[in-house]
Amino acid sequence: SAAQQADSSTAKIYWSDAEIGAISRANLDGSGYEVLYVDPVETPSGLALNVAERSMYFIAGNWNILKGDLDGQNVQTLTAVKRELEHPNSLAIDHSGERIFWADSRRDVIGRANLDGSDAAVHFSPGPLWQPSGVALDPDNDKLYWTDYGEIYRSNLDGSTTQSITRAWGGPPVGLAVDHKNDKLYYTESQVWIEEYTIWQTNLDGSEAQIIIGESYGRSGSIALDLE
């Protein structure tokens with residue numbers, strides 16, 4: 001339930017690594033690092049977990065959304081959603097509504113579909129001057145988070161009442177993940193000009209930011225949490 005605390009011995013953070021074309025994971029304190037899935041040609045990015053069914057979703061190749069097991073096995077493409085995609089950057093799962101969401105920086109929209117890729121549609125558009133990249137959901141609190149340039153924004157799940165909650169400390173934030181059990185927000189930050197990539201943890205209001213995984217773990221992009 002939402003009131004339970006994450007078990008530090010089993011909770012994991014997952015991320016895509018563009019340097020080696022892989023999906024990796026570690027414990028929430030950065031220990032226990034391991035590589036799960038590698039495809040240096042297609043270079044997986046955007047990442048979301050469906051913990052209930054022990055599966056992961058990610059973006060790869062020609063902007064396709066793929067699904068596989070949490071250990072990186074049994075990967076397949078969701079063909080039904082392809083018609084709504086131009087340049088998806090990241091993914092998020094709404095477990096209560098059994099939907100997948102994505103940020104598309106070319107169409108400047110947040111899209112959604114059923115978990116099998118059917119009924120794909122535009123969820124909402126932040127505006128014509130926006131280029132949403134990272135996206136994360138907190139359905140228990142009816143909130144949607146996304147990154148745009150150097151800031152992280154929050155709105156209601158339907159896209160109303162948008163507010164900026166924090167600017168990134170260094171480079172632009174890329175990936176986002178919400179720990180609703182402990183009221184924490186995780187994001188990846190890329191300082192491309194010095195080739196430094198880090199994963200940060202903050203409170204949901206953007207305060208008390210700290211690095212938990214440094215640049216030694218490659219070029220971190222999208223991230224996801226397994227709190228079960």
Side-chain angles (χ1 to χ4, degrees), residues 10-51 54-78 82 85-93 100 102-106 131-136 146-147 150 152 168-179 185-201 210-227:
T10 60
K12 303 286 184 181
I13 184 168
Y14 291 64
W15 68 93
S16 59
D17 184 346
E19 184 173 328
I20 60 174
I23 294 174
S24 304
R25 71 181 174 191
N27 298 323
L28 290 186
D29 62 1
S31 64
Y33 166 74
E34 59 182 325
V35 175
L36 301 174
Y37 176 87
V38 179
D39 189 336
V41 177
E42 301 294 345
T43 311
S45 58
L47 179 64
L49 305 183
N50 187 343
V51 177
R54 309 306 294 168
S55 63
M56 68 168 71
Y57 293 75
F58 59 94
I59 299 163
N62 189 26
W63 310 115
N64 290 308
I65 296 178
L66 287 72
K67 175 185 177 182
D69 299 335
L70 281 186
D71 61 3
Q73 302 298 310
N74 301 315
V75 173
Q76 57 185 312
T77 300
L78 299 183
K82 178 65 177 175
L85 305 176
E86 287 192 28
H87 199 305
N89 297 89
S90 60
L91 304 171
I93 300 290
I100 187 168
W102 62 88
D104 193 317
S105 60
R106 185 168 295 166
Q131 289 187 315
S133 51
V135 63
W146 74 92
T147 63
I152 298 174
W169 290 72
V174 183
L176 278 177
V178 175
D179 177 358
L185 180 70
Y186 293 80
Y187 65 91
T188 57
E189 184 181 275
S190 59
Q191 299 184 62
V192 179
W193 56 92
I194 57 174
E195 296 187 349
E196 187 171 290
Y197 301 81
T198 52
I199 297 178
W200 291 72
Q201 178 199 73
Q210 60 176 326
I211 293 176
I212 61 165
I213 295 177
E215 65 274 12
S216 60
Y217 287 119
R219 295 170 57 188
S220 51
S222 296
I223 55 174
L225 302 175
D226 178 1
L227 303 174

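Residues: numbered from 1 along the sequence shown.
- Between Tyr37 and Phe58, the ring-plane angle classifies as tilted under the 30° and 60° cut-offs.
- Side-chain atoms of Asp104 come within 3.5 Å of backbone atoms of His87 as a donor-acceptor pair (strictly under, hydrogens ignored).
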- [ ] Evaluate the criterion side-chain contact (heavy atoms from CB on, under 4.5 Å) for residue pair Leu49 and Tyr14; output intermediate values, then yes/no.
- [x] CA-CA 9 Å; Leu49 305 183; Tyr14 291 64; 3.5 Å; yes
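- The closest donor-acceptor contact from the side chain of Asn27 to the backbone of Asp29 lies at 3.5 Å or more, if one exists at all.
- Of the residues Asp39, Ile59, Thr77, the one that meets the side-chain contact (heavy atoms from CB on, under 4.5 Å) test with Leu66 is Thr77.
- Of the possible donor and acceptor atoms, none in the side chain of Thr43 sits under 3.5 Å from a partner among the backbone N and O of Gly21.
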Open item on the list: Checking Ser16 against Ser45 for the side chain to side chain donor-acceptor pair (under 3.5 Å) test, could you report, in this order, the C-alpha distance in whole Å, the side-chain angles of both residues, the deciding distance, and whether it holds?
Closed with: CA-CA 5 Å; Ser16 59; Ser45 58; 5.8 Å; no
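- Under the rule for a side chain to side chain donor-acceptor pair (under 3.5 Å), the partners of Gln210 that lie at least two apart in sequence or sit in another chain are Gln201.
- Remark: side-chain polar atoms of Asp69 are not paired, donor with acceptor, to backbone N or O of Asp71 under 3.5 angstrom.
- When the side chain to side chain donor-acceptor pair (under 3.5 Å) test is applied to Asn89, the partners found at least two apart in sequence or on another chain are Ser105.
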TODO: Starting from the C-alpha separation in whole Å, work towards a yes-or-no answer on side-chain contact (heavy atoms from CB on, under 4.5 Å) for Ile212 and Tyr186.
DONE: CA-CA 9 Å; Ile212 61 165; Tyr186 293 80; 3.4 Å; yes
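- Residues Lys12 and Leu70 have side chains not in contact (no heavy-atom distance under 4.5 Å, counting atoms from C-beta outward).
- Considering all non-hydrogen atoms of both residues, Ile20 and Val38 come closest at O-CG1, 3.7 Å.
- Between Tyr57 and Leu78 the shortest side-chain heavy-atom distance falls below 4.5 Å.
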